[in-house]
Amino acid sequence: MGTIIRFLEDCFKRGNDFSLDSHGYLPPLEYSSLAPHSTCNRNDSLMDQIAIKHNDAIVDLQTAHAQGISGEPILFDNSPAALEVLRHSTAHLMAQAIKNLYTNAKFFVGPVVKEGFYYDFKVDESIGEEDLKKIETEMTRLAKLKSPIERYEISMEEAKCKFADDELKLAVMERIPSETVSIYRQGDFEDLCRGPHLPSIGDIRHFKLTKIAGAYLGGDSSKEMLTRIYGIAFADKESLRLHLEMLAEAEKRDHRKIGNEMKLFTFREEVGAGFPIWLPAGSRLRSRLEQLLFKAHRKRGYEPVRGPEMLRADLWKVSGHYQNYGENMYFTHIDELEFGVKPMNCVGHIKVYEQDLRSYRDLPLKFFEYGVVHRHEMTGALHGLFRVREFTQDDAHIFCTPDQIEAQIIEVIDFVDRIMRSFGFSYKMMLSTKPEKAVGDDSVWETATNALRTAMERHNLAYDVDEGGGAFYGPKIDIKITDAIGREWQCGTVQLDFNLPARFELGYTAEGNEKLQPVMIHRAILGSFERFIGILTEHYAGEFPMFVAPTQVAIVPIAPSHEAYAKELSDKLMDIGADCEVFDKNESLNKRIRTAEKGRVPMIIVLGDEEVNARSVAVRDRRKREQYNLGEAEFIALIQQQLNEVHF
RNA sequence: GCCGCAAUAGCUCAGUUGGCUAGAGCAGCUGAUUUGUAAUCAGCAGGCCCGGGGUUCGAGUCCUCGUUGCGGCACCA
């Protein structure tokens, strides 16, 4: 959440206008300067002390006072620590309001999360979206009473007595190991809670309940479903306003909506859930990405290969997918034999490797494929292009010797860096190390993990470590990108694998003529084209840069007499690999320009007598929001240059 | 998979407590107009109201099963 606020602050500092102007035009953002920093939105009038920081923990004043602890003051502002306290108390205020409105309400847990806070609870009545307003109103009313928030401790035994008729609270207590528990009280409302809380509910003024949904008790799908209400709170009005604006902005950028408007892709009930259909505009965009990436792979020594869509089930048994991933796979029979539709491309690539006797001189071998895979995702998981059942990975497998690992990792990370920068994504990396259940020698794990570490450090790349979070076959690096409105997405992944080479008994002839086993590096950079294009759509709000835009140029001839020139230009653009569309319908000029603009085409050229005579074009540049005139040759050169601006 | 909500024209949406031939805007088609930078005018056409079953004299509307979507959860990463 902090990231989003900081981002919005950045935008406003830079004078970027977030809102749409009267024509629905969304100005491009400066994508590159989004590195997080620690600004917090301080407002002097708000700076009362609400808690202290003691040994890195946030301790509220009630607790500090009771236990006689002191520490660095936490003031009432939008710093992460202050927001944590504020939002926690807002969750309690919400619970109090719900309790007043639904007297038999029972509460489970109400933590602060990245997007604000939530509270899980149970009521007899059914609560819907429209009830949120009612609860908010009650919260406001209660906040105005400015009740102090008091804290006291009782023994677990007493607590179990106190909440004897509340099975949810009892369930909460099951999860608390300590002998005593703390109770917080505001007015006539009491709740079991470890805090920290504000001194008074009167400080809670700028909040909003955002969502209502079901959630399992304790996140356990075998347990009952509770009602969950999400909300957000800030120290000041302006921050709340910015946050709500940001949510509205995210909604405007929804790739499902923009994808529909721009006719990029669609889904159809009769085709089946999770199976995207790529429309011409989306396919042009996708094809540009594919072509750029193809060249980039070739330059780095990758060989294109292609495995079959279905492979015999026996192979999936050897690879371990049948046992470990079978639930997510689609199987079928051909004659007497069972086949599995591939959920990953590695087995196909292994078969390519096996096709020849390999020598250490051949390594590393890098095979890549735009691999179409099918995975059975649960219905509830499907979401636009972000989560589908059929998608195409920009997948590659590098077969190398253990001492080549480091260099290969560095190369892959450099590849990732090149691509993500081109799109204006900042990113961070996560190194996941050996899990408890793992295959392979410790020494190999150590080599591999160190190789990953060294690679990161040599590039001065910051990374977090997820201790024990690696795959069972090897450690990995995941790449998390941050988009233009501060949201994080996991795309690329680089995984070291000693397992599959062993299972398939892969080998290469080493210098001393001995048979050794190669290491496999699985890597994807975009992850999947579907997901990545979804992310790009939201990142750019549909305002794709020239090099991936579905249509580069819209040509608008003023009258039929200018159509011949339009056609001529259209051919020349096609020759340099630019797609264009001629808007020559029998409609007013204004209407056709409007249509072109609504299609978010980056460059519109208008052709009239002047242009035909001078062999020039009148450019309407959507990115720069400028109009200017260019000679035909200069214009073609400009488009060419913009298309060539990016190469990975 | 679970909880809740929804599905009406290619798209976005109206459609009263069940009651005449289901409406609008955009897009499409036809005609007029031939335009110098964000909607010219007129006309026409377009619907198994998601699918199956039921209640009812009568269902877009109510019930039920299913499909698909949406918001979460869980899953995945």
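To find a chain, count down the sequence lines: A is the first, B the second, and so on, and within it residues start at 1.
The side chain of A:Asp609 sits closest to B:G36 out of B:U68, B:U35, B:G36. Here B:A39 is the nucleotide among B:U37, B:U68, B:A39 with the atom lying nearest to any side-chain atom of A:Arg594.
By the 4.0 Å N-to-carboxylate-O rule, A:Asp478 lies too far from A:Lys480 to be salt-bridged with it. Salt bridge A:Glu251/A:Lys257: absent, no basic N to carboxylate O contact under 4.0 Å.
In this structure, A:Gly274 reaches the sugar-phosphate backbone alone: every heavy-atom distance under 4.0 Å involves primed, P, OP1 or OP2 atoms, never a base. Among the atoms of the strands shown, none is found under 4.0 Å from any heavy atom of A:Ala596. Among the heavy atoms of the strands, none lies under 4.0 Å from A:Lys122. A:Glu261 comes within 4.0 angstrom of nothing in the nucleic acid, heavy atoms only. Within the 4.0 angstrom heavy-atom criterion, only backbone atoms of the sugar-phosphate kind lie near A:Lys585; the bases stay farther away. A:Leu589 comes within 4.0 angstrom of the backbone, heavy atoms only, and of no base. At a threshold of 4.0 angstrom between heavy atoms, the contacts of A:Asn328 with the nucleic acid are absent. At the heavy-atom level, A:Glu610 lies under 4.0 Å from base atoms of the strands shown. Looking at heavy-atom distances under 4.0 Å, A:Glu611 makes contact with a base.
Taking the P atom of each, B:C50 and B:A6 are spaced 13 Å apart, rounded to whole Å.
The distance from atom CZ of A:Arg600 to atom OG1 of A:Thr537, rounded to the nearest 0.5 Å, is 9.5 Å.
Within 6.0 Å of CD on A:Glu270 lie more than 12 heavy atoms contributed by other residues, nucleotides or ligands. Summarising the local packing, CZ of A:Arg615 is surrounded by more than 12 heavy atoms from other residues, nucleotides or ligands at distances under 6.0 Å.
The shortest distance between the side-chain N/O atoms of A:His383 and the OP1/OP2 oxygens of B:G71 is below 4.0 Å. In this model, the phosphate group of B:G71 is not approached by any side-chain N or O of A:Lys211 to a distance below 4.0 Å at OP1 or OP2. Between A:Lys591 and B:A27 there is a side-chain N or O to OP1 or OP2 distance below 4.0 Å. For B:U40, the OP1/OP2 oxygens have a side-chain nitrogen or oxygen of A:Ser588 closer than 4.0 Å. Proximity of A:Arg620 to the phosphate of B:A38: a side-chain N or O atom is located under 4.0 Å from OP1 or OP2. The phosphate of B:C11 (OP1 or OP2) has no side-chain N or O of A:Arg256 nearer than 4.0 angstrom. Phosphate contact (OP1/OP2 of B:C73, side-chain N/O of A:Tyr230, threshold under 4.0 Å): present. Applying the 4.0 Å criterion to OP1 and OP2 of B:G10, one finds that A:Asn260 has every side-chain N and O outside that range.
Across all strands shown, nothing is found opposite B:G60 as a Watson-Crick or G-U wobble partner with both distances under 3.5 Å. Taking a pair to require two hydrogen-bonding distances under 3.5 Å in either a Watson-Crick or a G-U wobble arrangement, B:G71 pairs with B:C3.
Cation-pi contact between A:Arg87 and A:Phe117: absent, since separation from the ring centre below 6.0 Å together with deviation from the ring axis within 45° is not met.
In this structure, the OH atom of A:Tyr325 is 10 Å from the C1' atom of B:C75, given to the nearest Å.
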